[in-house]
Amino acid sequence: MSLGQQLAPHLPFLRRYGRALTGSQSHGDKYVRATLEAIVAAPDQFPTDIDPRLGLYRMFQGIWGSTNFDERPDTASEADGPEAVARARLSRMTPLSRQALLLTAMEGFTPEDTAYLIDVDTDEVDSLVAEALAEIEKQTRARVLIIEDEPIIAMDIETIVRDLGHEVTGVAVTRDEAVALAMDDRPGLVLADIQLADDSSGIDAVKDILAEFEVPVIFITAFPERLLTGERPEPTFLITKPFQRSTVKAAISQALFFDQTTVPAA
């Protein structure tokens, strides 16, 4: 099996990590693209003594540490918008702590593998994760709309949201209900399942909501590869079903970390 064939199944999840790390589909996908270009240019430098997924993320980490895509806005409008907020927050947050949190909680790497990826001692990983959670939770409190048609999953998400200190504005099970709840009580964050009770789409519900006002969104799906192709506008934040509580917490914290409306007062 060629190196490309070995790496292909892991690319959607590397895009998920890149987008969550940068708070942007465009910037996250740029880092992934640069990683692949580096591998193609020098395939002999790809680590062959470890699992291909671990090697792929290791190459990405090298690009992340040496390239600053998210310091250069793609358009003039980004200079004063959410991207500028994201860059300002990146400057105030310890980068390794955020990486450790996302690699363990969202990507499912062990502390040992995470230590290898971010080049620290294994015993530092737990303290870095704790530091990230503490720092992020101090900055982010929001009112959250949950769009989820499975009652048990909705209850679990609601518990996680409340445990983080956020308020739940409502739980919707259809597209129309989601839009009505959002219009009646505007949330500061939306968590949306893709497939809803009446065969309507969580994506369509979110589009309807975003047509009225801006709000950060986290999508929840059992088929993440379909929304991580890098070929079209896609979600920045994505949770895979079945999920761990720590994954939801990390995604919520990261989404709010990049939200313009939650910038703390000076």
Side-chain angles (χ1 to χ4, degrees), residues 11-25 28-29 101-108 133 136 140 142-182 185-210 214-230 232-259:
L11 290 178
F13 304 100
L14 185 64
R15 291 190 187 99
R16 175 179 63 186
Y17 172 62
R19 294 173 190 181
L21 186 64
T22 62
S24 160
Q25 179 193 349
D29 288 359
L101 173 64
L102 294 172
L103 288 168
T104 54
M106 183 171 289
E107 299 306 312
L133 288 172
I136 290 172
T140 56
R143 304 173 72 254
V144 182
L145 171 62
I146 299 170
I147 308 174
E148 171 61 63
D149 66 326
E150 297 183 40
I152 298 300
I153 295 178
M155 289 172 60
D156 196 21
I157 295 173
E158 185 172 2
T159 298
I160 295 169
V161 168
R162 294 190 189 280
D163 285 349
L164 284 171
H166 307 303
E167 176 187 347
V168 175
T169 64
V171 178
V173 299
T174 67
R175 173 183 180 177
D176 290 343
E177 185 180 2
V179 175
L181 284 173
D185 192 355
R186 184 174 294 194
L189 173 69
V190 175
L191 281 87
D193 191 6
I194 300 298
Q195 187 66 45
L196 301 178
D198 60 350
D199 290 328
S200 60
S201 168
I203 294 177
D204 289 336
V206 166
K207 287 180 179 177
D208 291 343
I209 294 169
L210 292 178
E214 289 294 321
V215 60
V217 179
I218 301 171
F219 282 103
I220 306 170
T221 177
F223 306 101
E225 296 92 339
R226 298 177 183 177
L227 295 173
L228 293 167
T229 66
R232 57 184 183 273
E234 295 174 328
T236 297
F237 299 99
L238 198 67
I239 296 172
T240 303
K241 285 184 176 180
F243 53 76
Q244 301 291 326
R245 293 172 66 86
S246 59
T247 305
V248 180
K249 289 182 179 181
I252 290 173
S253 297
Q254 199 70 0
L256 292 174
F257 180 71
F258 285 108
D259 178 36

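The model shown is predicted, which means the values in this text are computed figures rather than measured ones.
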State whether the number of non-hydrogen atoms from other residues, nucleotides or ligands found under 6.0 Å of K207 atom NZ is greater than 12. no

Residues that D198 engages under side chain to side chain donor-acceptor pair (under 3.5 Å), provided they are two or more places apart: S200

Taking side chain as C-beta onward, heavy atoms only, is I252 less than 4.5 Å from V144? no

Kindly write out the residues that satisfy side-chain contact (heavy atoms from CB on, under 4.5 Å) with A251, not counting sequence neighbours, or none if the list is empty. M106, I218, I239

Is there side-chain contact between V206 and F219, with at least one heavy-atom pair below 4.5 Å? yes

Sequence neighbours excluded, which residues qualify as side-chain contact (heavy atoms from CB on, under 4.5 Å) partners of T169? R143, L145, D185, P187

Please examine the side chains of R175 and I147, heavy atoms only from C-beta on, and report whether any two atoms are closer than 4.5 Å. no

Below 4.0 angstrom, N of the basic side chain to O of the carboxylate: do R15 and E234 qualify? no

Contacts of type side chain to side chain donor-acceptor pair (under 3.5 Å), residue R16, not counting sequence neighbours: E107, T240

Give me the atom names and distance for the closest heavy-atom approach of F237 to V217. CB-O, 3.9 Å

Between D193 and K241, does any NZ, NE, NH1 or NH2 come within less than 4.0 Å of an OD or OE carboxylate oxygen? yes

Is there side-chain contact between R245 and T159, with heavy atoms separated by less than 4.5 Å? yes

Does CD in E225 sit with more than 12 non-hydrogen atoms of other residues, nucleotides or ligands closer than 6.0 Å? yes

Going by the rule side chain to side chain donor-acceptor pair (under 3.5 Å), which residues pair with D204 if we only count those two or more places apart in sequence or in a different chain? none

Test of understanding: with ring pair (Phe, Tyr, Trp, His ring centres under 6.0 Å), list the residues that count as partners of F13, not counting sequence neighbours. none

Between the CG atom in D29 and the CG atom in L14, the distance rounded to the nearest 0.5 Å is 9.5 Å

Please report the closest heavy-atom contact between G188 and V215, naming both atoms and the distance. C-CG2, 3.5 Å

